[in-house]
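Notes follow the structure.
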2 protein chains.
Amino acid sequence: MPSRSPAEKIRATLPKVPKVPVVSRRAQYSASTKRALVDEALKLFTDQGYAATSLDAIVTAARVTKGALYHHFTGKQAVFEAVFEQIEADASAQIRTALKKSKDPWDKALIGLRAFLQIVQDASYQRVVIQEGPAVLGYERFREQEERSSYGLVQEMVRLVLEDSAYDLSEDMLETFSRIFFGAMSAAGESVSTAANPKVAVAQVETAIAFILAGLRSLAESGVALPDPEDLLPDDEDDE
Amino acid sequence: MPSRSPAEKIRATLPKVPKVPVVSRRAQYSASTKRALVDEALKLFTDQGYAATSLDAIVTAARVTKGALYHHFTGKQAVFEAVFEQIEADASAQIRTALKKSKDPWDKALIGLRAFLQIVQDASYQRVVIQEGPAVLGYERFREQEERSSYGLVQEMVRLVLEDSAYDLSEDMLETFSRIFFGAMSAAGESVSTAANPKVAVAQVETAIAFILAGLRSLAESGVALPDPEDLLPDDEDDE
DNA sequence: TCTGAGTACGTACCAACGGTATGTGAATGA
DNA sequence: TCATTCACATACCGTTGGTACGTACTCAGA
């Protein structure tokens, strides 16, 4: 073996850290290669998609081999999940930051929407989270992930808004409303992300959603009660 | 060669059609194998998903070979697309039938919603259209397909409802509203399809959406105007 | 009725890819 | 110094989507 393995070549280019090994050099190397894998995978997934991105392509881009990849991840899907989580974490943090600007629930809702509409224009978010997320992770895992990030935020806001309207609804109905609003926002995001002119699209979406919210607010202020879903149920008792 | 090919065995089980060959027997055989392929693929895709379903599994179930499959389709994705189209066509027809029951726009909207919420409980629709459709077909093709079916219906209804409210809005805004409502309905459908008790979930979703629609109606009737999206645009003129 | 062409497949094969089993050298602790 | 362990590298395998090609059957026309 005349030439050393590619991984060692990168290591040579890494900044030497002669500090006290609070974390060992091995751990640092390890973390750095893992991050390299995730970073490169993110790029490839973003502009080629999951299926069209081979593991070979990823490890080549990260200048390691499949051995390294399988040391850090259990498989291709796990790599995707790591990429997914990173993107979602970034997005989530960004929205939370924006939300701090206001206290009023209705205001927060619009601010959150605006922040979300910015994020959704990011190519990686579109590809990894919106487009391929559900299919690659499976619906179950996808929803688990979302629960902890974007969807969780929507649910928080819906709760605030509806409580502000003095509607005292069950957890189930809150969940239902949240799902519906989340779907609406996702579609809105999609609409923006595929628009020829995103600025205009954002303005239109904001107008539309603000109008819908205004409708709800109007109902709340004029004291219209939320109907009981039970009324819609046929009164037979044999269920499932 | 003692035993004949598998395809000929099925042909033997087919009803003999000694009629005048308005369509030739070859064409009939061909159509029948094609349908067999689509039918079996639909089943397999539904309960195993796209990736986990191999072509071998499909052709075995349809009692033909890959040669036959590749004669009728350009590849695996094309098979999926055929399955997708069939499901969407069925769903679309079902909704259109339901919509005929009423003339009132707001009423039609709710009827359409009800019909959609029934459809979305179908396992094949969930798997093929909702879950895997976007990823397998690619967003572009997926949206083309939806344009011609479910989304097209939503758009029709949104147009009716908004026109009924005497809102005279641009095509762009109509598109935006439609996208948002479609997203809301998709999420609603998802919510129903994953619910432990679908009946209850349907009732909740109907209540929630009816409430949102009522909000819009209330705004319309009290003469609240839809804001101009242009107002939200920053007044710089350098765009894209 | 015979024939030639075209259709509707079947069969054999390949390259690519995800995944695994195993080897190896550097870092770490004793 | 030495053994152990970690962080990879290397070699290999099974499956799968796709292709090339062979073949039986159908059907129009002579």
Side-chain angles (χ1 to χ4, degrees), chain A residues 1-12 14 16-18 20-37 41 44-45 48-60 62-80 136, chain B residues 1-12 14 16-18 20-37 41 44-45 48-60 62-80 136:
Chain A
M1 304 175 197
S3 76
R4 281 292 135 213
S5 67
E8 280 137 44
K9 291 179 188 165
I10 338 172
R11 287 174 181 170
L14 289 177
K16 297 289 179 187
V17 185
V20 190
V22 284
V23 295
S24 68
R25 287 169 49 201
R26 285 221 334 216
Q28 285 189 3
Y29 287 157
S30 177
S32 125
T33 49
K34 185 168 186 177
R35 275 189 43 191
L37 281 167
L44 289 167
F45 286 154
Q48 301 185 13
Y50 180 77
T53 301
S54 71
L55 289 185
D56 281 330
I58 297 175
V59 298
T60 301
R63 288 179 301 173
V64 292
T65 63
K66 286 210 292 186
L69 191 147
Y70 273 93
H71 177 72
H72 288 288
F73 304 96
T74 62
K76 191 183 183 184
Q77 185 170 326
V79 176
F80 182 87
V136 175
Chain B
M1 304 175 200
S3 77
R4 282 289 136 213
S5 66
E8 278 136 45
K9 291 178 189 166
I10 339 171
R11 286 175 182 170
L14 288 177
K16 297 289 181 187
V17 186
V20 189
V22 285
V23 293
S24 69
R25 287 174 43 206
R26 288 234 321 229
Q28 284 190 6
Y29 286 157
S30 177
S32 128
T33 48
K34 185 168 188 176
R35 274 188 47 191
L37 282 168
L44 290 167
F45 286 153
Q48 303 186 10
Y50 180 79
T53 301
S54 71
L55 289 185
D56 280 331
I58 296 175
V59 297
T60 301
R63 288 180 299 175
V64 292
T65 62
K66 289 210 293 187
L69 191 149
Y70 273 93
H71 175 74
H72 287 290
F73 304 97
T74 61
K76 192 183 184 184
Q77 185 172 326
V79 176
F80 182 87
V136 176

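Letters go in sequence order (proteins before strands), and every chain restarts at 1. No experiment lies behind these values; they were computed from the predicted model shown.
The distance from atom CZ of Phe73(A) to atom P of dA7(D) is 13 Å, rounded to the nearest whole Å. One interatomic measurement links the two molecules: CZ of Arg35(A) to C1' of dA7(D), which rounds to 18 Å at whole-angstrom precision. Between Ile58(A) atom CD1 and dC17(C) atom C1' there is a gap of 12 Å when expressed in whole angstrom units. In this structure, Arg63(A) places its CZ atom 16 Å from C1' of dA9(D), rounding to the nearest Å. Leu44(A) places its CG atom 13 Å from the P atom of dC17(C), with the value rounded to the nearest Å. One can place NE2 of His71(B) at 10 Å from C1' of dG6(C), the figure rounded to the nearest angstrom.
Between Phe80(B) and Tyr50(B), the two ring planes are perpendicular [angle over 60°; tilted spans 30° to 60°].
Contact annotation: His72(A) side-chain N/O to dA7(D) OP1/OP2 distance is not under 4.0 Å. Between dA8(C) and Thr33(B), no contact under 4.0 Å exists linking OP1 or OP2 to a side-chain N or O.
Residues Leu37(A) and Val79(A) are not in side-chain contact: their nearest non-hydrogen atoms beyond the backbone lie 4.5 Å or more apart.
Figure legend: Lys34(A) and Phe73(A) shown as a cation-pi pair, the cationic atom lying under 6.0 angstrom from the six-membered ring centre and within 45 degrees of its axis.
For Ala68(A), the side chain to side chain contact (heavy atoms under 4.5 Å, CB included) test picks out Val64(A), with sequence neighbours left out. With sequence neighbours left out, the side chain to side chain contact (heavy atoms under 4.5 Å, CB included) criterion links Ala51(A) to no other residue.
When all heavy atoms are compared, the tightest approach of Thr53(B) to Lys76(B) is O-NZ, 2.9 Å.
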With sugar-phosphate taken as primed atoms, P, OP1 and OP2 and all else as base, the protein-contact string of nucleotides 14-21 of chain D at under 4.0 Å (heavy atoms; B, S, -) is ---BBB--

